[in-house]
Amino acid sequence: MAAFGKWIRSPQATDLAAVSFEKAFSLEKPVKKAELRATAMGVYVPTLNGKRVGDSVLMPGWTAYEHRVLFQTYDVTALLKKNNRLAIGVGVGWAVGIKGKNWHHHNRYTDHTSLLAALTVTYADGSTETVATDETWRVYTTAVTMNDFYLGETQDYTKRRRLLGAAVRSEVKTRVVPQTGEWIREQDVIKPVAVLKTPKNEWVVDFGQNLAGYVRLHLVGKKGDRVVLHHGEVLDADGNFYNENYRAAESRVTYVLDGRERDLTPLFTFQGFRYVRLTEYPFDTVDPDAFTAVAVHSDMARTGDFVCGNQKVNQLYHNIIWGQKGNYLDIPTDCPQRDERLGWTGDTQVFCRTGAINFDVERFFTKWMEDMALEQGENGEVNWIIPHPDKQEPSAAWGDAACVVPYEIWRAYGNKKLLRKHFPVMKKWVDYMHRAGDAEFLWRGGTHFGDWLAMDNGEDNLSGATSKDYIASAYFAYSTALLVKAGRALGMDMQAYETLHDNIIAAIRARYFKDGRTDMTVDGDEWKTETQTGYVLALHFELCDEKDRAAFADRLAALVAENGGRMTTGFVGTPYLLHALSENGKTDLAYSLLLQEKTPSWLYAVNHGATTVWEHWNSQKEDGSFWSTSMNSFNHYAYGAVFDWIFGVAAGIAPLTAGYAKTRVAPHPDRRLGFVKTAIETRHGRLSVHWYYRDERVVYELTVPADMTVEFVLPSGRTHTLTGGKYLFGE
């Protein structure tokens, strides 16, 4: 990368302290334009003449660093003077910091931070000059004496700035490519809703919203005063601060004050939290105006809106939106708070359709899918986590993100170029599944998560009762079907994979289905298929024979009734449960499950004060106790996938062609919602649908953009073809 100069590093080991790489330079001629390009192994904060460059944070983001790192470009023309000083602070970030539970992956990519940057000045006379990283740069200590995503950050303003020496060359072996994803930026700013004195006599600041980001403080204290913040998502049953579910993530931010009035903000870390405990606070009272929570996530445009007549469902929608905000921070993570925050593929694939309704995520997933392609194994394997902290044996429903995500992003945006680029990833994954099992058309054996966190195998078990081999084979069929659809959209001959799909379906029916129901007595299989999830997959993935659909749907409804009108499904079954019911004439029951308030249910968490979606149905139990400290996130978006049913069935909006050029609107009104008003900004304009009751009739209002054709289907079956305009119907 000659245009950038050289990768440089500190001449001394700095462990978890941040350092500043600096270069002074002068300009002798009038400047027309100046651009800074920068990247790091770590995360960086650029300043020019003491002014922050740009408004992004935590750049360059997280990629599969051994394959590539992204660089960002900033216009710095307005910040230049005759005599200049460029300073770029670098912290450990994802590349050098701790990854994964119990710190297994410290220094996963490298054991030191490095910087690569170049400031190119274009003069008014057309000539150019570049100030690039090399051994002439100087490296200084900073006030940040410790930084890490899990541990937190310490800023000590009593420490004297010290020169560490001249920068030295750093051996970084990776590609440097332009920014492809969304920038990470500060978003919502939230003031405290309360300052609490807990039964343990601790000061706790409540921001009223679980989020990912950090707390900004405005303080002045005596030299040597310490302010120590710990972050948490919930209070315990006694009203005390609680964050044992963070495991080894200390989530501690410390400031050592120097007597000056300061705005204090972490520079190189983020936390997931609603509550902040003032573990050390040198003042007698707590001024809530001194505290501000700043939400940080990828800068995605909001595309979806929803409101209905049921306030608990509105709160659920709020929780889904905030769960996505907290977990779409450069990569799609599972949770933003504990010692994990990883790109789990299972969570990603079940939620990505909902994600693409709520926000414009095309650029976001363009970046992430590229890392999935780079990290896919030679035989087609896909890891549990992208970018991966280490290699893992693939799991069904997790590795299937290789097919589900590219297909859903194409479905949402109609970008054939992007689909074509990732079609080989889809094909390699299907080919891998074909080879992986111990039967030609079934995926039996292997290591699978199964119906993760389902409630039908005891509430304290991680995997549900549904046969993992059955789930693996069902996803083998599903991903193959998506591959066929993608190939057809690209004009390819998919006959071989159509035949493969037929053979998988036949093998599943022969092994797992019997007499109009799933078979509980599969030889050699310790798990069951006679579960809610078993029937959900059979119905929604179209695995069962058409003549058996009614019997399967009836049996699914019976299993729900046997569980007191509640679901038992986990990560695999839940996203499709309501679809499986409504697709088979049981929309009333689907609504009843949506509106169920006893655990397991979506509204149980709402009734218990949730502001994001929980990882477990019973993360906090009725008595206030917690499911576990080992794996219990209160900001885990997977179950928020229910919104694609609310949007696609209750509101009735679904694309007939990729990108919504042709869209079907077939609402399913229910008085229990009162009304539904929703809209989505598509590549073909903004579509809005509003239904509500007027006496015994339902009124439908639609606004269709000029560049869209809508097939509007009323519950009676009457169909209308609509083009751009506003429409009113009643029935």
Side-chain angles (χ1 to χ4, degrees), residues 1 4 7 18 36-46 52-74 88-99 105 108-110 113-117 147-150 172 174-187 212-214 266-272 294-301 324-336 340-345 348 355 359-375 385-389 405:
M1 297 297 297
F4 268 103
W7 280 99
L36 172 67
R37 288 167 293 149
T39 190
M41 294 300 284
V43 292
Y44 70 89
V45 176
R52 179 80 174 249
V53 173
D55 60 357
S56 59
V57 297
L58 303 177
M59 305 309 288
W62 191 2
T63 50
Y65 292 120
E66 66 266 48
H67 296 285
R68 63 175 187 150
V69 64
L70 307 183
F71 73 84
Q72 290 74 43
T73 302
Y74 309 85
I88 303 179
V90 182
V92 298
W94 292 280
V96 188
I98 299 164
K99 302 288 174 311
H105 308 294
R108 160 67 178 84
Y109 298 99
T110 177
T113 57
S114 301
L115 175 69
L116 183 67
N147 73 104
D148 178 80
F149 288 143
Y150 294 167
V172 177
T174 192
R175 291 185 302 130
V176 181
V177 298
Q179 172 79 5
T180 56
E182 300 288 2
W183 294 70
I184 310 168
R185 290 191 169 100
E186 294 183 347
Q187 307 286 341
Y214 36 72
L267 296 173
F268 303 106
T269 192
F270 73 92
Q271 308 301 325
V294 181
V296 171
H297 58 78
S298 291
D299 196 14
M300 311 164 292
Q324 182 172 357
K325 288 180 179 182
N327 283 292
Y328 275 31
L329 199 164
D330 202 50
I331 66 167
T333 56
D334 57 332
C335 58
E340 198 159 1
R341 314 182 193 186
L342 302 171
W344 281 92
T345 50
T348 301
F359 292 89
D360 186 339
V361 295
E362 185 175 12
R363 278 173 54 91
F364 177 84
F365 274 111
T366 295
K367 169 187 175 289
W368 186 79
M369 288 191 300
E370 179 68 18
D371 285 315
M372 181 164 58
L374 290 170
E375 293 190 331
I385 298 165
I386 302 292
H388 66 78
V405 175

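Positions are given from 1 along the sequence. These numbers were taken from a predicted model, which means no experiment stands behind them.
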Do side-chain atoms of [X] reach the backbone of [Y] as a donor and acceptor pair under 3.5 angstrom?
X: Thr110; Y: Val96; answer: no
X: Asn147; Y: Val92; answer: yes
X: Ser56; Y: Ile184; answer: no
X: Ser298; Y: Asp330; answer: yes
X: Lys325; Y: Ala212; answer: no
X: Glu186; Y: Val294; answer: no

Checklist entry - Does NZ or CZ of Arg341 fall inside the cone over Tyr150's six-membered ring, less than 6.0 Å from its centre and within 45° of the axis? => result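 Checked: cation-pi criterion not met.
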
Next on the checklist: side chain to side chain contact (heavy atoms under 4.5 Å, CB included) for Leu267 and Tyr214? Distances and angles first, verdict last.
Outcome noted: CA-CA 9 Å; Leu267 296 173; Tyr214 36 72; over 6 Å; no

Next on the checklist: Is the ring pair Phe270/Phe149 parallel, tilted or perpendicular, if the boundaries are 30 and 60 degrees?
Outcome noted: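 If you compare the ring of Phe270 with that of Phe149, the planes turn out tilted.
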
Checklist entry - Roughly how far, to the nearest 0.5 Å, is CD of Glu182 from NZ of Lys367? => result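 So the NZ of Lys367 and the CD of Glu182 are separated by 11.0 Å.
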
Checklist outcome for this item: Rounded to the nearest 0.5 Å, the CZ atom of Phe365 sits from the CD1 atom of Ile331 at a distance of 10.5 Å

Checklist entry - Under 4.5 Å between any side-chain heavy atoms of Pro387 and Tyr65, yes or no? => result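 Not in contact.
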
Checklist entry - Do the non-hydrogen side-chain atoms of Thr73 and Leu36 ever get within less than 4.5 Å of each other? => result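 No - every pair of side-chain heavy atoms lies 4.5 Å or more apart.
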
Checklist outcome for this item: Sorted by chain and number, sequence neighbours left out, side chain to side chain donor-acceptor pair (under 3.5 Å) with Gln72 holds for Tyr44, Gln179

Of all heavy-atom pairs between [X] and [Y], which one has the smallest distance, and what is that distance?
X: Thr333; Y: Gly326; value: OG1-O, 4.4 Å
X: Ala95; Y: Gly42; value: CB-N, 3.5 Å
X: Thr113; Y: Gly91; value: CG2-O, 3.5 Å
X: Glu340; Y: Cys335; value: CB-SG, 4.2 Å
X: Val296; Y: Leu329; value: O-CD1, 3.6 Å
X: Thr39; Y: Leu70; value: OG1-O, 2.5 Å

Partner of [X] under side-chain contact (heavy atoms from CB on, under 4.5 Å), chosen from [options]:
X: Pro332; options: Thr348, Val405, Val361, Leu342; value: Thr348
X: Leu58; options: Trp94, Phe268, Trp183; value: Trp94
X: Ile386; options: Met369, Met372, Glu370; value: Met372

Item to check | Ser114: side-chain contact (heavy atoms from CB on, under 4.5 Å) partners, not counting sequence neighbours | outcome: Trp7, Arg9, Met41, His112, Ser170, Val172

Checklist outcome for this item: Contacts of Asp299 meeting side-chain contact (heavy atoms from CB on, under 4.5 Å) (sequence neighbours excluded), chain-then-number -> Arg185, Gln187

Checklist entry - With a 6.0 Å cut-off on ring centres, are Tyr328 and Phe359 close enough? => result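 That pair fails the under 6.0 Å test.
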
Item to check | side chain to side chain contact (heavy atoms under 4.5 Å, CB included) evaluation trace for Arg363 with Met300 | outcome: CA-CA 9 Å; Arg363 278 173 54 91; Met300 311 164 292; over 6 Å; no

Checklist entry - Out of Arg68, His67, His388, which residue meets the side-chain hydrogen bond (donor to acceptor under 3.5 Å, both in side chains) rule with Asp371? => result Arg68

